[in-house]
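Structure first, commentary second.
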Amino acid sequence: MSISFQEKERIFTLQTHNTTYQMQIDPLGYLCHLYYGPRTAGSLGHLYRPADFGFSPNPYASRYAPQHSLDTMPQEYTGCNTGDFRVSCLAVSGEDGACGAALRYVSHAILPGKYAVEGMPSAFAGDGEAETLTVTLADEVTGLEVELYYGVFAERDVITRAARLRNGGTAALTLDKAASLCLDFPFGDWDLIHFQGRHNMERQLTRTALTGGIQTVSSRRGASSHQHNPFVILARRDATEDYGDCCGLMLVYSGSHRTDVERDQTGGTRVVMGIQDELFRWTLAPGQSFQTPEVLLTFSHQGLGQLSRNYHRFLRENLCRSPWAKRRRPVLINNWEATYFNFDTEKIVSIARQASALGVELLVLDDGWFGSRNDENHGLGDWFVNEEKLPGGLDALISEVNGLGMQFGLWVEPEMVNEASDLYRAHPDWALTLPGRAPTMGRNQLVLDMGRADVIEYLYQRLSDLLSAHNIAYIKWDMNRSLTDIYSRALPPERQGEAAHRYVLGVYALLERLTARFPEVLLEGCAGGGGRFDAGMLAYCPQIWCSDDTDAVERLAIQYGTSFGYPVSAMGAHVSACPNHQTGRTVPLDTRAVVAMHGTFGYELDLNLLTEAEKAAVRRQIQRFHRYYELIQWGDYYRLSDFTQTSDYAAWQTVSPDRGEALVSIVIPHVRATTPLIHLCFRGLDEGGVYRVTEFAAFHSGDSGLAAQEEGKEYTGGALMYGGFVLPRLYGDCPSVQIHLEKVQ
Ligand code: DGJ
């Protein structure tokens, strides 16, 4: 049993393989958080020692006990306006306008299996893999009931949390905030690690020491955003890649979100995470409920590397229901950077022909195949093939592509519409626009109101027709602007605060229906690159296009940051043309491949334009990728370099779960003369085992005999992990190396 309840002390204990989570019902019924950290046994009730902090108010029943204050008690889920001045989970008011709630224990249940989250994606468990604790709290005045869910995945070292808010009273309630969780760390010096960025430079790791006050990581863009990923880590100040305590919180949600991290007067640190409350308002009639999104928690006592590996494994095994989640994905060619809107059947077939000759398995036809879509200003919404560009329609093209032995994939952007489209002309009220105002534009397009049932039905029919009528193996689901002018013509004035969340629920409902009907279609998420790279979308899309920045050097930083929460198998990455279209930089073809291989791997350029030598290199790259596929995609991932400390080189490693083989990749973006040699401590090997270098593939302009010198050498795992490995000098522009090790003893 991973969940237990001690009646006497009224303590709940959740145990995973390496962690313990504990909470206690206090004498007045408030649910007090005690501990989340390395696995331990016994009561941790002593950790909450009530103490008087002046001006911290007291519940009426404790008015003679100044040390008892909600303002200083660590909590599992807060009420509001009743004595806790820290960031709260909730803002609820009744018909009289009184905003307030004090949540107290009512009941609990311990159940086998994993609870479900209504209307939104959430983690799932195999047989016997998880247990659920539900704790019901209630506010006796408003009648609000809060059901807290805890899913305990003992072997994965993951605890999931969510909440369901139910109006158990007799009058309507208004929610102005409804977070997914509160997690209080009563003690400790913590750094906040979060992943911020922008279009073309997503998920840059940022680590700051917490000081008194609140730090907020949030998106108001209607999508999880390029700017702030809904994933944070609290790391002890001394925590490193391999050492120390750190706790991750990852929101399974793709819309506007908010995480507040507060360092308070008691020295405690509180995290409140959930849906963005700005522009949010939800009315609950008596008996109605509001479901919050889920949060995936993991705690590592062995530093950030272990925390990442916990997430990688969990997202691969327990989040995405697609059969593709654990299946070998095809190496693809995408025509976007090769042609942009300027293509016809002949052009696409010529790219496919060359790609297939080199070993590529799937051709993806990107934006521009439908309606009047010859530029960014037209056609979105008209998901009918443009026969002027593609005579004979999709089938003619698909049969050519299939005839080359390749599968066919298609780009769509279902959530959007151009004013210059038949769809908009027929249904202008389907777009999100504010009454009486010219709409705010983004890429000269409007956003469909995905909260409307008729919009979802229309898109479901249109996309289903496409998928049933044609042999489409893959869909790239794009989304190229943020939400503004959020106003739904399908909702009455008093319910406009629901529109942004209903949009996300609509996206999920559509994805749910389509993936149920077409489970074999491989979905790749996308939002102008990685603008919606989150666990919510990953529940449907086994892979997401990581960034529109395809420059391999830039990708080192983007994929580095992304790797803290998300597995290699989720990161869409392609080799594109040089000079690179985003930066103008030229990186050697083989180094581009080394970087893209640590993603889902594909090409995005016109392979016809390569020299014969380059084509041969592409063929070798694809063969190498196939050779190491299992290791790269399903192995344990180790970051060997810290991009926040040095960008002189980037190094990472994957190790097979049985530690029988490993692949180390190193890229040197900028070679300097006579610098100290690069010294790396490999990780995750069997220290007593002996490893042979079976491949030393150096892509550089220096000594071409390096492979012959290095291959066949043998080292103990301990020598490589504790002594390390000294890389010979590499020369040229942006060289790289891949070292494959096999355990021979
Ligand atoms: C943004 C995506 O990230 C690109 O890969 C491409 O699909 C364009 N949209 C097409 O408009």
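For reference, positions follow the sequence shown, starting with 1. In each ligand, atom 1 is the first atom listed, and ligand 1 is the first ligand listed. Atoms considered below: every heavy atom in the structure, side chains included; atoms not considered: hydrogens, waters and symmetry mates.
Residue contacts with ligand 1 for Asn334 are absent, since no atom lies close enough (heavy atoms, distance under 4.0 Å).
In this structure, Arg443 counts as a contact residue of ligand 1, since one of its heavy atoms falls inside 4.0 Å of the ligand.
The shortest N or O to N or O distance between Asp366 and ligand 1 is under 3.5 Å. Backbone and side-chain nitrogen or oxygen atoms of Arg373 are examined, and none is located within less than 3.5 angstrom of a nitrogen or oxygen of ligand 1. At least one N or O atom of Asp367 sits closer than 3.5 Å to an N or O atom of ligand 1. For ligand 1, the polar-atom distance check finds no N/O of Cys526 at less than 3.5 Å from any of the ligand's N/O atoms.
One finds a salt bridge joining Glu415 and Arg532 here, because a Lys/Arg side-chain nitrogen approaches an Asp/Glu carboxylate oxygen to under 4.0 Å. A salt bridge between Lys347 and Asp344 is absent, with no side-chain N of the basic residue lying under 4.0 Å from a carboxylate O of the acidic one. A salt bridge links Asp367 and Arg373; the closest N-O separation between the charged side-chain nitrogens and carboxylate oxygens is under 4.0 Å.
Few gaps surround CG on Asp395; more than 12 heavy atoms of other groups in view lie less than 6.0 Å from it. The environment of CD in Glu388 is sparse: at most 12 heavy-atom neighbours from other residues, nucleotides or ligands sit within 6.0 Å.
Applying the 4.0 Å criterion to heavy atoms of Trp545 picks out, from ligand 1, the atoms 3 (O), 5 (O). When each atom of ligand 1 is checked for a heavy atom of Gly529 under 4.0 Å away, the hits are 3 (O). Distances below 4.0 Å separate heavy atoms of Asn480 from the following atoms of ligand 1: 1 (C), 9 (N).
Nearest to atom 3 (O) of ligand 1 among the protein's heavy atoms is Asp548 OD1, 2.3 Å. Residue, atom and distance of the protein heavy atom nearest to atom 5 (O) of ligand 1 are Lys476 NZ, 2.8 Å. What sits closest to atom 9 (N) of ligand 1 on the protein, heavy atoms only, is Asp478 OD2, 2.7 Å.
Counting only residues at least two apart or in different chains, salt bridge (charged side-chain N to carboxylate O under 4.0 Å, His left out) contacts with residues 551-560 comprise Asp551-Arg585.
For the residue pair Arg639/Ser563, the side-chain donor-acceptor check at 3.5 Å is satisfied.
Every side chain to side chain contact (heavy atoms under 4.5 Å, CB included) that Glu361 has, sequence neighbours left out, goes to Pro330, Val331, His626.
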